[in-house]
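Heads up: numbering here begins at 1 and tracks the sequence.
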Amino acid sequence: MVSPSDRRAAATGQATLNPMRAIVQSRYGGPDVLRLDEIPPPRVGEKEVLVRVHATAVNPYDFHIMRGRPLLMRLVAKGMRRPKQPVPGCDLAGVVESIGPGVTRFLVGDRVFGIHGGAFADYLNVHQDLLAPMPDNVTFEQAAAVPLAALSALQALQFDGGGGGVRKGQRVLIIGAAGGIGTFAVQLARHFGAEVTGVCSTRNVGTVKSLGAQHVFDYTREDFARAGRSYDRIVDLVGNRSLRDRRRALAPDGTLVAVAGPIRKLIVLLLAARFGRTRMGFFVTKSDKDDLMLLSRMLETGDITPVIERTYPLHDAPAAVRSVGQGHARGKHVITVVA
């Protein structure tokens with residue numbers, strides 16, 4: 001039997017020199033700018049792990065980076081003409097292929113999931129602190145659906161804003177409850193003991209209820225802003241309602257957290273938060289090792305379960321990004337890299 005120390009010693013360095021498949025993007029535009037190509041594999045650096053990617057997932061973030069719109073996304077992508085990282089994608093689940101110097105958290109053969117740019121590829125080198133162990137009771141596709149969406153949901157519910165994170169007994173409204181982030185936000189808010197109300201379309205009412213929401217607004221028939229109910233926290237994952245509407249549904253000491261929306265509306269919200277009395281905020285999701293470990297444990301215990309609407313092979317990644325960019329997705333769209 002090979003000991004962990006032997007596995008670590010044998011695994012340090014480059015695992016493969018053969019070209020790997022990857023979805024690449026050389027300019028901004030529609031899904032036609034994404035193409036399947038062969039590129040050199042990454043080399044493992046200090047405290048990095050080379051992961052053989054088995055599955056990845058698509059986020060609205062990938063769609064906006066692909067288009068380079070709004071222009072702020074080009075600053076995020078660190079390139080005005082093209083993204084600095086030519087391979088899109090940031091969610092991954094796979095198997096450790098080799099490890100670099102200084103890696104202490106993983107061994108070759110470990111199943112891991114995490115978040116790092118360039119995930120639409122066969123291999124990806126990732127700093128060890130951006131990964132977490134993958135529970136044995138989930139598939140690669142399920143694990144790949146978690147990182148960015150679940151981190152965003154968790155951090156939106158933990159966002160302080162002067163009133164602390166979500167607590168037991170509080171009333172939470174989640175606008176966009178059936179999407180990638182929303183399906184996790186519903187489950188996490190219920191886990192924290194909140195009374196959860198979701199907002200979604202008619203076709204998704206059953207899904208949102210099955211995730212634990214006690215109340216659901218079908219936005220095609222009801223308006224949460226005029227229902228006469230107030231909430232201790234509103235998590236807005238859509239951003240298509242006015243600040244006045246959202247304030248109308250917010251309790252006097254409640255907190256409004258915007259995770260998405262048009263830039264102009266986010267600016268208005270930030271200014272209102274700066275100069276007004278209402279607790280409001282907008283944040284950028286961070287890859288946090290402790291948060292990833294918490295999500296790993298919750299996957300293992302079944303406290304969160306990814307909702308996957310559709311899976312695609314790697315060569316169909318442009319279609320997956322197009323579909324997510326059109327909006328109204330139920331849960332996550334996942335790309336299977338290793339069939």
Side-chain angles (χ1 to χ4, degrees), residues 1-2 4 7-8 11 47-59 89-99 103-116 119-120 122-158 179-193 207 210-212 285-312 330-339:
M1 182 174 179
V2 180
R7 286 172 63 196
R8 191 180 304 280
K47 295 185 178 180
E48 287 186 337
V49 171
L50 183 69
V51 178
R52 174 66 165 106
V53 180
H54 283 238
T56 180
V58 183
N59 297 282
C90 59
D91 289 335
L92 70 133
V95 177
V96 174
E97 188 87 358
S98 68
I99 59 176
V103 171
T104 57
R105 297 184 60 219
F106 300 104
L107 298 170
V108 167
D110 287 347
R111 299 186 346 144
V112 296
F113 73 105
I115 183 168
H116 194 274
F120 289 7
D122 284 327
Y123 295 93
L124 185 63
N125 56 322
V126 188
H127 192 282
Q128 63 176 350
D129 289 343
L130 301 180
L131 296 168
M134 181 178 145
D136 292 335
N137 60 323
V138 300
T139 67
F140 288 109
E141 285 77 12
Q142 288 175 315
V146 172
L148 183 57
L151 281 172
S152 298
L154 178 62
Q155 292 170 15
L157 293 169
Q158 293 177 333
I181 300 174
T183 50
F184 285 112
V186 170
Q187 296 176 77
L188 288 166
R190 287 290 292 135
H191 174 77
F192 296 143
T207 297
S210 72
L211 295 173
T285 305
K286 298 179 181 178
S287 180
D288 182 276
K289 181 175 67 174
D290 293 335
D291 284 350
L292 277 173
M293 291 300 296
L294 172 61
L295 294 172
S296 177
R297 293 191 295 272
M298 294 182 74
L299 276 172
E300 186 172 24
T301 58
D303 289 314
I304 57 171
T305 301
V307 175
I308 299 174
E309 181 173 26
R310 185 176 172 185
T311 59
Y312 303 75
R330 179 190 293 129
K332 299 287 295 182
H333 285 218
V334 173
I335 297 169
T336 298
V337 181
V338 176

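- Side-chain contact check for Leu151 versus Phe184: every heavy-atom pair is 4.5 Å or farther apart.
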CA sep, side-chain torsions, deciding dist, call: Ile304, Leu188, side-chain contact (heavy atoms from CB on, under 4.5 Å): CA-CA 7 Å; Ile304 57 171; Leu188 288 166; 3.9 Å; yes
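- Considering all non-hydrogen atoms of both residues, Leu154 and Leu294 come closest at CD2-CD2, 4.0 Å.
- How far CG of Leu157 is from CD of Gln155: 10.5 Å, rounded to the nearest 0.5 Å.
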Steps toward side-chain contact (heavy atoms from CB on, under 4.5 Å) verdict (Val307, Lys332): CA-CA 6 Å; Val307 175; Lys332 299 287 295 182; over 6 Å; no
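- The minimum heavy-atom distance between Ser296 and Pro135, with the atom names listed, is O-CG, 3.3 Å.
- Among all heavy-atom pairs drawn from Leu124 and Ala119, the shortest one is CD2-CA, 4.0 Å.
- Taking the side chain as every heavy atom from C-beta outward, His116 and His127 never approach each other to under 4.5 Å.
- Atom CZ of Arg111 is surrounded by more than 12 heavy atoms from other residues, nucleotides or ligands within 6.0 Å.
- For the atom pair CG (Asp288) and CG (Leu295), the distance works out to 9.5 Å, reported to the nearest 0.5 Å.
- By the 4.5 Å heavy-atom criterion applied to side chains, Val51 and Val112 are counted as neighbours.
- What you find for His333 and Tyr312 is that their closest heavy atoms are ND1-OH, 3.0 Å.
- Counting only heavy atoms from C-beta outward, the side chains of Phe140 and Val95 approach each other to under 4.5 Å.
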Test side-chain contact (heavy atoms from CB on, under 4.5 Å) applied to Leu131 and Leu92, step by step: CA-CA 9 Å; Leu131 296 168; Leu92 70 133; 4.2 Å; yes
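- Contact check for Met293 versus Pro133: side-chain heavy atoms found under the 4.5 Å cut-off.
- A distance of 7.5 Å separates CG of Leu50 from OH of Tyr123, quoted to the nearest 0.5 Å.
- Between Gln187 and Asp303, every side-chain heavy-atom pair lies at or beyond the 4.5 Å cut-off.
- Checked by atom type and distance alone, the side chain of Thr336 never pairs as donor or acceptor with a backbone atom of Ala339 at under 3.5 Å.
- Atom CG of Asp136 is surrounded by 12 or fewer heavy atoms from other residues, nucleotides or ligands within 6.0 Å.
- Residue pairs meeting the salt bridge (charged side-chain N to carboxylate O under 4.0 Å, His left out) criterion with at least one member in residues 180-192, sequence neighbours excluded, do not occur.
- Ser152 places no side-chain N or O within 3.5 Å of a backbone atom of Thr285 that could act as its donor or acceptor partner.
- Considering only heavy atoms from C-beta on, Asp122 comes within 4.5 Å of Arg52 through its side chain.
- The two residues Glu141 and Ile308 come nearest to each other via the heavy atoms O-CD1, 3.7 Å.
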From CA spacing to verdict: side-chain contact (heavy atoms from CB on, under 4.5 Å), Phe120, Val53: CA-CA 8 Å; Phe120 289 7; Val53 180; over 6 Å; no
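- At least one side-chain heavy atom of Asp129 sits less than 4.5 Å from a side-chain heavy atom of Arg105.
- Between Asn125 atom CG and Glu97 atom CD the span is 12.5 Å, to the nearest 0.5 Å.
- Side-chain atoms of Thr56 come within 3.5 Å of backbone N or O of Asp91 as a donor-acceptor pair.
- Shown here for Ala57 and Ala145, the closest heavy-atom pair between the two residues is CB-CA, 4.1 Å.
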